[in-house]
Amino acid sequence: MAEGSRTTDEARYDFAAIQDRWLPVWDRLRPFNTANAPTGAARKYVLDMFPYPSGDLHMGHAEAYALGDVIARYWRHRGFQVLHPIGWDAFGLPAENAAIKRGLDPRGWTHDNIAQQRASMRRYAPSFDWDRVIQTCEPEYYRWNQWLFLRLYEKGLAYRKASLVNWCPFDQTVLANEQVVGGRCERCDTIVTKKKLTQWYFRITEYADRLVDDLAGLEGSWPAKVVSMQRNWIGRSTGADVHFAVEGRDEPIVVYTTRPDTLYGATFMVVAPDSDLAEELAAGASATVQAEFAAYLEKVRGMSEMERMNAGREKTGVFLGRYATNPLTGERLPIWAADYVLADYGHGAIMAVPAHDQRDFDFARRFDLPIRIVVDPTRGGTTGGAPLAERDPRVTGEALVGEGTLVASGDFTGLGKAEAIAAVTAWLAERGLGGPTTNFRLRDWLISRQRYWGTPIPIIHCAACGEVPVPDDQLPVVLPDAAGLDLQPRGTSPLGAADAWASVACPRCGGPARRDPDTMDTFVDSSWYFLRFLSPHDDTQAFDRAEVERWAPVDQYVGGVTHAILHLLYARFITKVLHDLGYVGFSEPFSALLNQGMVLMDGSAMSKSRGNLVRLSQQLDEHGVDAVRLTMAFAGPPEDDIDWADVSPAGSAKFLARAWRLAGAVESDPDGEAALGDTALRRATHRLLADVGPLVESFKFNVVVARLMDLVNTIRHRMDAGVASADPALREAVEALALVLDMFAPYTAEDMWQRLGHEPSVALAPFPAADDALLVEETVTAIVQVDGKLRDRLQVAATIDGAALEALARASEAALRAVGERRIVRVIVRAPRMVNLVTAP
RNA sequence: GCCGGUGUGGCGGAAUGGUAGACGCGGAGCACUCAAAAUGCUUUGCCCGAAAGGGCGUGUGGGUUCGACUCCCACCACCGGCACCA
């Protein structure tokens, strides 16, 4: 092979020099400044989740921003005006903890980290609009957090209440339900305890139904996994409330059940020991019962969430010495307190049906309570087989939770499960003894934090007026300087000690008052930041309505699946609130979502302690920005994890060098007539141009890269086959290469573009349309099958008709050999691609 | 337990119901070189065969179809989420 002949250009591909060449040019031209884009064009809002400034950028960032940038650059090449902003999620506990550990001010620490990340980001070169940077720790931003809080407060969606909350003993602060993972603090892994505190909440439960219902509209454009996780987390369940009269009490106990059909099987009641109801019921019982209950309650309170939530643990509880009445049967039911019933779900009390609920069954066994079967699974049940006597829970130890037919249930006997649920619920509703109800696993969002580094809550506490919101015109409530404050976590907010800051005159009565010392959960900051990007410097409002209408909602959101519940749920909630308040015209913030996977090393997540940390800066120094970015895109489907041990940034660099050298081989003029060039090469070029769109839009970035490699191989092969440097088809091919490559390797593409005689930036040059005429092949490979098995390949004209193709197939030597002595009884022809000869003996 | 997802060469992964393994990594051989690196060329699913050729192959077992990685049913394995939520 005539090696070297194809690479007439012997210049070396030097990624460092190329990076140094183009960074200052891009700084000057600002090609991705949204204002520089053609106006009037269709728009796309492509948003990457903004980073948290803890240390420098890492491999995970590199993947996320590489993939997000493919999409942003793609739409620009398609002629869209693209908004692709970046900022920093700069408040929060990790930064504060890190600063305290080092004896630094969180503000300085955070700013230093942002500066470092920003410099790294500039070199990594995602196509961001650098004029829209936001940092949530600046008053220019968090002022509007406070504004948002006040709007929720006005609507009764922000409120303060005392209740048992999740408490992290290490961080000395409360946690939202969503921040407790497996009973541990999401941040520091400490076992979470419960504490009774007065805290601020956002009433997200008021939106629970819509947060579930609207997921249907996201199906298909959000990952199925995320939709299902959200649905799971909100945990909507439908059933019925049932009122049970209590002996010696005026008010009935209300319970929630998803199985009203089993009401005849209720043999006792259970209330949550840490509920007010339990306390009240115990108080009305004998001294012995009171003592037992008190001891039990103490034991329960002493347990961590971890211990209490362990489902496998043996049931415990105490009899409260009180009785309720089954509304359907009039039967007398003993009332127990047991910690398997949760105080904050439903009504904190249940009717226990041991035959048809495993937990109730376990409890009944433990305390020798009656078990009564009221649903016969052998009739109408999904699992047939064994007779009822063998399926009895008392024999099997398994409650009968499935389908079946009601037995021993008075007038309801004989009904199926679904009919019975409806019938019993209706019966209860008619008599005012209950009715259909929906319940949610989701709890209100606890947003106050007893820490320094966050948005001050804009409320003033006045002895005379109570809670008084800070008037809008007095915003922002600026976070006081950390100097002189003790930031060590002690369970109360450090801001309370900033006397000069905390003491204020009540805005209502002018009397002495104090600011609320708590700060907001940082997830408040990120719940609406995508709107701030639309008018980041507006100091008169949180966001500009006209800009919102121009850009929002986000067309494509890109980020890690770690935020599948927390951030996305909160952002969806806040968007619905803003919609209801008339501030935005849509109620879902992110029309489409792409979750990139994680970057692993040797099969597990990277960590310093595990010793498998791959440093991004080292990878960039060694292989270059483009090679790392390309590797991220080429590794596989974006949502899959990448094991860095399995991929080859060196291979990526090799490919980039090959592609780059081709730009030096082109010797024709930019305005040459491509139609006069090599047809085979032109076909390859136009096939790529035709396929890029569908591939990128279905996130098959790895396939696009493979197709680019294919094109490079084809170009080289065509050159070997005699396509000259002056052939306009070569220029056409290499230009297409540079344009498509820009999505993955912007430096290399920009340099190629210049070598091809164009002005920067390649990122703003449109993709040429594929020429349909070049997509139609002249000859194709037809396959000949015998009984569905491949036996021969034929080169045929693409226009061949069925009869001609069949004739060729019947004449195929290989096919006839396979047919042997058998007869051909049927022929399926799909011209021009396939013939199947079906035989019989 | 419930919900969601995934199973394809040594590895990462391709494949509108119609040529399984595109593209790459890794391996082997060769060229260039004093040598190496770099670069380039050839080759590379498994088995039988010198070759021609043949057989087997997409987690397992069934099914639909002329034809199944792809569609349907059952099962197995792994990953992720939720989990004493009544």
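Quick note on labels: first sequence line is chain A, next is B, and so on, each numbered from 1.
Straight-line distance from the CZ atom of A/Phe361 to the C1' atom of B/G1: 16 Å, rounded to whole Å. Atom CZ in A/Phe655 sits roughly 11 Å away from atom C1' in B/G24 (whole-Å rounding). Per the geometry, CG belonging to A/Asn713 stands 10 Å off P belonging to B/G40, to the nearest Å. Rounded to whole Å, atom P of B/A86 lies 13 Å from atom CG of A/Asp344. In this structure, the CG atom of A/Leu790 is 15 Å from the C1' atom of B/C66, given to the nearest Å.
Looking at which nucleotide of RNA chain B each of A/Leu695 and A/Lys654 is closest to, the 5′-most match is held by A/Leu695. For A/Val647 and A/Arg791, each mapped to the nucleotide of RNA chain B holding its nearest heavy atom, the one lying further toward the 5' end belongs to A/Val647.
Here A/Arg658 lies in heavy-atom contact (under 4.0 Å) with sugar-phosphate atoms only. Contacts of A/Met229 with the nucleic acid, taken as non-hydrogen atoms under 4.0 Å apart, involve only primed sugar atoms and P, OP1 or OP2.
An OP1 or OP2 oxygen of B/G24 is reached within less than 4.0 angstrom by no side-chain nitrogen or oxygen of A/Ser652. Distances shorter than 4.0 Å separate none of the side-chain N or O atoms of A/Arg826 from OP1 or OP2 on B/G67. Applying the 4.0 Å criterion to OP1 and OP2 of B/G18, one finds that A/Arg793 has every side-chain N and O outside that range.
When distances run from any side-chain atom of A/Asn232 to the nucleotides B/A86, B/A14, B/G81, the shortest one goes to B/G81. Among B/C84, B/A86, B/A22, the nucleotide with an atom closest to any side-chain atom of A/Tyr340 is B/C84. With B/G24, B/A22, B/C66 as the candidates, the nucleotide lying closest to the side chain of A/Arg830 is B/C66.
Annotation: side chain of A/Leu662 is in contact with side chain of A/Met719 (closest heavy-atom distance under 4.5 Å). Using a 4.5 Å heavy-atom threshold, the side chains of A/Lys225 and A/Glu639 count as separate.
In terms of polar N and O atoms assigned as donor or acceptor, the side chain of A/Gln785 comes within less than 3.5 Å of the base of B/G18 in a complementary pairing. Residue side chain A/Asn836 reaches the base of B/C66 through a donor-acceptor N/O pair under 3.5 Å, judged by distance alone.
Nucleotide B/A28 forms a pair with B/U42, judged by Watson-Crick or G-U wobble geometry with both contacts under 3.5 Å. Pair assignment for B/C34: none, as no Watson-Crick or G-U wobble contacts are both less than 3.5 Å.
If you take atom P in B/G18 and the same atom in B/G10, they sit 25 Å apart, rounded to whole Å.
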Practice problem: Assess whether side-chain hydrogen bond (donor to acceptor under 3.5 Å, both in side chains) is satisfied between A/Tyr13 and A/Thr748, documenting all intermediate values. | Solution: CA-CA 9 Å; A/Tyr13 173 75; A/Thr748 306; 2.8 Å; yes

